There are 2 protein chains.
Amino acid sequence: MQDAPSRPYHHGDLRRAVIETALDMLRDEKGWQFTLREVARRAGVSHAAPYKHFPDKAALLAELAMIGFDRLRESLSAAKPTAPKSLRDELTKVARAYVAFGTDNPALYRLMYSAEEGQAVGIHLDERALAVFDVLLEILRRGQDAGSIRKRPIEGQAAAGWGLIHGMTMLAIDGLLVSEKVGSAPLDAALSTLVEGLGNPAT
Amino acid sequence: MQDAPSRPYHHGDLRRAVIETALDMLRDEKGWQFTLREVARRAGVSHAAPYKHFPDKAALLAELAMIGFDRLRESLSAAKPTAPKSLRDELTKVARAYVAFGTDNPALYRLMYSAEEGQAVGIHLDERALAVFDVLLEILRRGQDAGSIRKRPIEGQAAAGWGLIHGMTMLAIDGLLVSEKVGSAPLDAALSTLVEGLGNPAT
DNA sequence: ACCTGAACACCGTTCAAGT
DNA sequence: ACCTGAACACCGTTCAAGT
């Protein structure tokens, strides 16, 4: 955040500084392929210093991903209307907030889902990601109770919702479907389809 | 494919060999972060040789991504039933083939969608990816004509379909939702929701 | 025309040594 | 307790030189 005066880190909170610097770089760069040495450079420490706080780069990436999921959950909670006019209203607002989080933080979002198998990050997504999943589950459960949502296995409905929203977010980050030229019409149309698939036709 | 005899590449088709070797490595490894030097090593040439056929690593990645989209389109065409029993049948089979392609080729699939902004690959997804998109459009168009699909803007419906299937595929690759323990039930349930959202309730 | 070897400017990671 | 500097084994990329 603030420009550190040129005196070297005597004893400051390097752990936090490394995380903040990395988050800044995630904001600037488009990919999450930043280098640990560059983080150390910007933080004003030697390239070996971060190893006193993180066992390796993957551990830092995992920490960043966790922070990302926390922020995403906060964004979704903030976007959820306290007195929703309708199921459609509620789902649409949450879904838009989700996609907006992704397009606002493309590198961080990509990092969050590059975790687990195959990529650098080694966190188990299950824990944090399911917290996001739970936001969906809660809405759907309430909708089923109120009768505005079809009585179907709720996990499947939530899977459809998460899958669709995650997919739209990824495509939007890639500049596909949702872009400046196209606008958010495809997203809204996709949400309509989802809501029609979830919604109870009897109402 | 075949073990090259130990004599060095006199004049063989190194370009193809590099691509084949890279595809092999994509099959073995889980991420697409293979190194160009390792490709050269396995192909039995010096680490500088590939530069005679590709300007840089990104160019090779772009080529691989294009091959991936071609193969995906072939998989989808092959999976599309010639005489579908119903819209649901057709959509389900294509969608399952799509997800299966992703889980069978996780590294390649990730690479395909790591393109464009932010990541290493520099291809414009629009061209090839839209060929996949077109498979969906064709099914939906036919469904709307036959009356089995709601008359809604077809781009929005295709966006919903692509987004959901892409999202489910990504989550499946990450071991979320669709995994060995859980099975493909969430995928099928999500497809049901999609089909209910797309399908004409009048039929 | 196609490939090699050495070289350059980087990485991630380790470790003895400094304060 | 926390950080540095040098070192190791790698990268991607370039380029003169080889066949």
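Order of the sequence lines sets the chain letters (A, B, ...), proteins ahead of strands, with each chain counted from 1. These numbers come from a predicted model, not from an experiment.
- For the pair A/Lys57 NZ and C/dC11 P, the computed distance is 10 Å after rounding to whole Å.
- Distance CZ (B/Arg37) to C1' (D/dT13): 9 Å, rounded to an integer number of Å.
- Both B/Ser46 and A/Leu36 lie close to DNA chain C; mapped to their nearest nucleotides by heavy-atom distance, the more 5′-ward contact belongs to B/Ser46.
- Here B/Asp145 does not pair with B/Arg141 in a salt bridge; the nearest charged N to carboxylate O distance is not below 4.0 Å.
- Heavy atoms of B/Lys52 sit under 4.0 angstrom from at least one base atom.
- OP1 or OP2 of D/dC3 sits under 4.0 Å from a side-chain N or O of A/His53.
- The distance between atom CD of A/Gln33 and atom C1' of D/dG12, rounded to the nearest whole Å, is 14 Å.
- Enclosure of atom NZ in B/Lys151 by more than 12 non-hydrogen atoms of other residues, nucleotides or ligands within 6.0 angstrom is indicated.
- Listed for the B/Glu155 side chain is no donor-acceptor partner under 3.5 Å among the backbone atoms of A/Ala189.
- Using a 4.0 Å heavy-atom criterion, one finds that B/Thr35 contacts the sugar-phosphate atoms exclusively.
- Taking the six-membered ring where the residue is Trp, the centroids of B/His166 and B/Phe133 are separated by 6.0 Å or more.
- In this structure, the salt bridge (charged side-chain N to carboxylate O under 4.0 Å, His left out) partners of B/Arg96, at least two apart in sequence or on a different chain, are B/Asp188.
- Taking atom CZ on B/Arg15 and atom C1' on C/dA1, their separation rounds to 16 Å, with Å as the unit.
- Here the P atom of nucleotide C/dC3 and the CG atom of B/Asp13 are 9 Å apart, to the nearest Å.
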**Report entry** Pair pattern of DNA chain C in dot-bracket, where unpaired bases get dots and | marks partners in another strand, Watson-Crick or G-U under 3.5 angstrom
**Finding:** ||.|||||...|||||.||

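- Under 3.5 Å, the side chains of B/Ser192 and B/Arg88 contain a donor-acceptor pair of N or O atoms.
- Rounded to whole angstrom, the span from the CD atom of A/Glu38 across to the C1' atom of C/dT13 amounts to 18 Å.
- Across the protein-nucleic acid pair, B/His47 atom NE2 and C/dG5 atom P stand 9 Å apart, rounded to whole Å.
- To the nearest angstrom, P of D/dT13 lies 3 Å from OH of B/Tyr51.
- Residue B/Arg41 places none of its side-chain N or O atoms closer than 4.0 Å to OP1 or OP2 of C/dT4.
- Checked for salt-bridge contact, B/Glu74 and B/Arg71 miss the test: no charged N lies under 4.0 Å from a carboxylate O.
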